[in-house]
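These notes concern the structure reproduced below.
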Amino acid sequence: MNTCVVGLQWGDEGKGKVVDILAEHSDIVVRYSGGANAGHTVIVGDDRFALHLLPSGSIRPNTICVIANAVVIDPEVLIKGIETLAQKDISLNGRLFISENAHVVLDYHKKEDQLREESLGKNKLGTTIRGIGPCYADKVGRSHTVRMGDLRDLETLEAKLQIIVEYKNKIFAAVYNAKPISADEIFEKCKFYADKLLPFITDTTEFLHKSIAEGKSVLFEGAQGALLDIDHGTFPFVTSSNSSSLGMPAGCGVPTKLVDKFIGVAKAYTTRVGAGPFPTEQDNEIGQYIRDKGNEYGTTTGRPRRCGWFDAVAVSYAITIGAIDSVALMHLDTFTGLKELKICRAYKINEEEKTFFPANTARLSQASPVYETVPAWDEEITEVDNFNDLPLNAQNYICRIEELVKKPITIIGVGPKRNQTIFR
Ligand code: GDP
Ligand code: IMO
Ligand code: MG
């Protein structure tokens, strides 16, 4: 059984928790897109792990972990992740496989990300400044790139870095009037990365196909969410990869035909970090209530997340383009204490009701949500482990969302811990 888990909103839906739970029954967990812009939280007992590049299966000591070709890897973050786990006696030796074709995020990418955001002023995208956009741009541009496999041949890499850094420094000076960076310093860091990471670097496509042929079960872990997809999201307020499940096959070389199930993860409401349209945003006391009770602050950047009502138009779109089979709905517990809840069932655009999400920022910014209002509940539900024991209004909320998005909700989150999860 091979399963793919993806975000159905603008990221931070709770993918890390879902993947950690499902990893118990998987042999291999694969990250296939994005980079250290991701922050996936896994809570095990009193330990809280924030994973940026390592798959969320890495906490389980026997799970094989793959970082596939379309992930952009910041080796510094990855090495730190490996060391953080080692401090908890969780070793990745012999069970971490990193694609030789994955592109490397280096200091000049992070510098470019920051300089560009600063130069955009009030028009900035609100990126995570992890160098993601510049690294993917170099990948598509092809001429000035470093891939993980390049760490094997340091002599060639040193010469390559001289050319790349000279080129980058010309841009930094001419466009941003910024100080140059040193190719030698970056090369010294690369020697360190090679020393730490070479044992893990391999052909992950070959490894995955061999494993699947042997009958191993694979769990594919999406990063970000469908609405941040470079082609299908709310461009330009998106990330630079295909973060919907459409990015999975190209992201790791395994066709979707070999995936048995696509699980989409959404929150019972909506959040977004960074700029861009957000039709159901509640920039008011409701949004603040959700932020406080749901602890809605970024895992990677610590930024307060923008919060709003559940948007069935947006989630249905993510389900449609992603061929999603079932939904995990997280953070239901966050609603406890509110009087009533709103669900966006359609958009009004130019006096017309629409239920197909317009993934075009100009059209989306004209959309006003059409809400239906349902009653909430007062009971804390963080200890509930059975759907039928939820307050009736909570059960009705779940059932109404199922009707609107036309898919079963098979996993319900009622708290951040592993056991605070209801399966149906
Ligand atoms: P990801 O990027 O999709 O993996 O999500 P993040 O880890 O960035 O953000 C999700 C946050 O919600 C984390 O702090 C999780 O510990 C927490 N979380 C996940 N599921 C639930 C839930 O059902 N209820 C509550 N209260 N917190 C949850
Ligand atoms: P996970 O995997 C939430 C957002 C950034 C910004 C936009 C572009 O934890 O769900 P980037 O640094 O990628 O160029 O930023 O995308 N973003 C995320 N938002 N969760 C994420 O990942 C995100 N990764 C990127 O906030 O709006
Ligand atoms: Mg996150």
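Remember, it's 1-based here, ligands and their atoms both numbered in the order they're listed.
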Is the closest heavy-atom distance from Arg305 to ligand 2 below 4.0 Å? no

Is there any N or O on Thr127 that sits under 3.5 Å from an N or O of ligand 2? no

Side chain or backbone of Phe237 under 4.0 Å from ligand 2, or both, or neither, by non-hydrogen atoms? neither

Taking distance alone, with N or O pairs closer than 3.5 Å, would you say Met330 contacts ligand 1? no

Could you establish whether Gly11 and ligand 1 come within less than 4.0 Å of each other, counting only heavy atoms on the residue side? no

Quick test of your reading of the model: are Lys407 and Asp325 salt-bridged, counting only N-O distances below 4.0 Å? no

Within-cut-off N or O pair, Gly14 and ligand 1, under 3.5 Å: yes

Please determine if Lys179 forms a cation-pi arrangement with Phe172, meaning its NZ or CZ atom is less than 6.0 Å from the six-membered ring centre and no more than 45° off the ring axis. no

Between the main-chain N or O of Ser33 and the side-chain N or O of Arg31, is there a donor-acceptor pair closer than 3.5 Å? yes

Return the residue, atom name and 0.1 Å-rounded distance of the protein heavy atom closest to atom 15 (C) of ligand 1. Thr41 CB, 4.0 Å

Electrostatic pair Lys88:Asp47 at N-O distance under 4.0 angstrom: yes

Between Asp20 and Arg418 (salt bridge meaning N to carboxylate O under 4.0 Å), is one present in this structure? yes

Would you kindly specify which portion of Arg303 sits under 4.0 Å from ligand 2, judged on non-hydrogen atoms: side chain, backbone, both or neither? side chain

Phe423 ring center within less than 6.0 Å of Phe387 ring center: no

Under a 4.0 Å threshold between the charged nitrogen and the carboxylate oxygen, would Arg291 count as salt-bridged to Glu296? no

Among Gln420, Gln224, His331, Lys17, whose heavy atom sits nearest atom 11 (C) of ligand 1? His331

Test your reading of the model: is there a side-chain donor-acceptor pair from Arg95 to the backbone of Ser58, 3.5 Å cut-off? yes

Counting non-hydrogen protein atoms only, what is the nearest one to atom 5 (C) of ligand 2? Give residue, atom name and distance. Gly126 O, 3.6 Å

Say whether Thr301 and ligand 2 are in contact under the criterion: heavy-atom distance to a ligand atom below 4.0 Å. no

Ring centroids only, cut at 6.0 angstrom: are Phe97 and Phe207 within range, meaning strictly under it? yes

Is Glu281 salt-bridged to Arg272, going by a charged N under 4.0 Å from an acidic O? no

Does Val414 approach ligand 1 within less than 4.0 angstrom via side chain, backbone, both or neither, non-hydrogen atoms only? backbone

Between Arg400 and Glu403 (salt bridge meaning N to carboxylate O under 4.0 Å), is one present in this structure? yes

Closest approach of any protein heavy atom to atom 26 (N) of ligand 1, naming residue and atom: Asp333 OD2, 2.7 Å

Among Phe335, Trp10, Trp309, find the one that has a ring pair (Phe, Tyr, Trp, His ring centres under 6.0 Å) with Tyr269. Phe335

May I ask you to decide if Tyr167's main-chain N or O and Asn169's side chain share a donor-acceptor pair within less than 3.5 Å? no

Near His40, which atoms of ligand 2 are under 4.0 Å from a heavy atom of that residue? 1 (P), 2 (O), 9 (O)

Quick one: does Ser240 get within less than 4.0 Å of ligand 2, heavy atoms only? no

Check each heavy atom of His52 against ligand 1 and say whether those closer than 4.0 Å belong to the side chain, the backbone, both or neither. neither

Tell me the contacting part of Arg130 for ligand 2: side chain, backbone, both, or neither, using a 4.0 Å heavy-atom threshold, strictly below. neither

Using a strict 4.0 Å cut-off to heavy atoms of Gly16, name the atoms of ligand 1 that fall inside it. 4 (O)

Do Gln366 and Arg363 get their side chains close enough for a donor-acceptor pair, meaning under 3.5 Å? no

Kindly identify the option in Arg418, Arg305, Glu296 whose heavy atom sits closest to atom 9 (O) of ligand 1. Arg305

Polar atom proximity, Glu13 to ligand 1 (N or O, under 3.5 Å): yes

Closest to the Mg ion (ligand 3), among the N/O/S atoms of Asp12, is atom OD1

Give the residue, atom name and distance (to 0.1 Å) of the protein heavy atom nearest atom 3 (C) of ligand 2. Asp12 OD2, 3.2 Å

Has Gly39 got an N/O/S atom less than 2.8 Å from the Mg ion (ligand 3)? yes

Judged by atom type as modelled, is there a donor-acceptor pair below 3.5 Å linking the side chain of Thr301 to the main-chain atoms of Gly298? no

Relative to atom 17 (N) of ligand 2, which among Thr239, Leu228, Val273 owns the nearest non-hydrogen atom? Leu228

Considering the heavy atoms of Gly11, write down every atom of ligand 2 situated less than 4.0 Å from one of them. 3 (C), 10 (O), 20 (N)

For ligand 2, is there an atom lying under 4.0 Å from some heavy atom of Gly7? no

In this structure, does ligand 1 have an atom that sits under 4.0 Å from one of the heavy atoms of Gly39? yes

May I ask whether Lys15 has any heavy atom positioned less than 4.0 angstrom from an atom of ligand 2? yes

Looking only at distances, can you tell me whether any N or O atom of Asp113, backbone or side chain, sits closer than 3.5 Å to an N or O atom of ligand 2? no

Taking Glu380 first and then Lys293, would you say they form a salt bridge - that is, a charged N and a carboxylate O separated by under 4.0 Å? yes

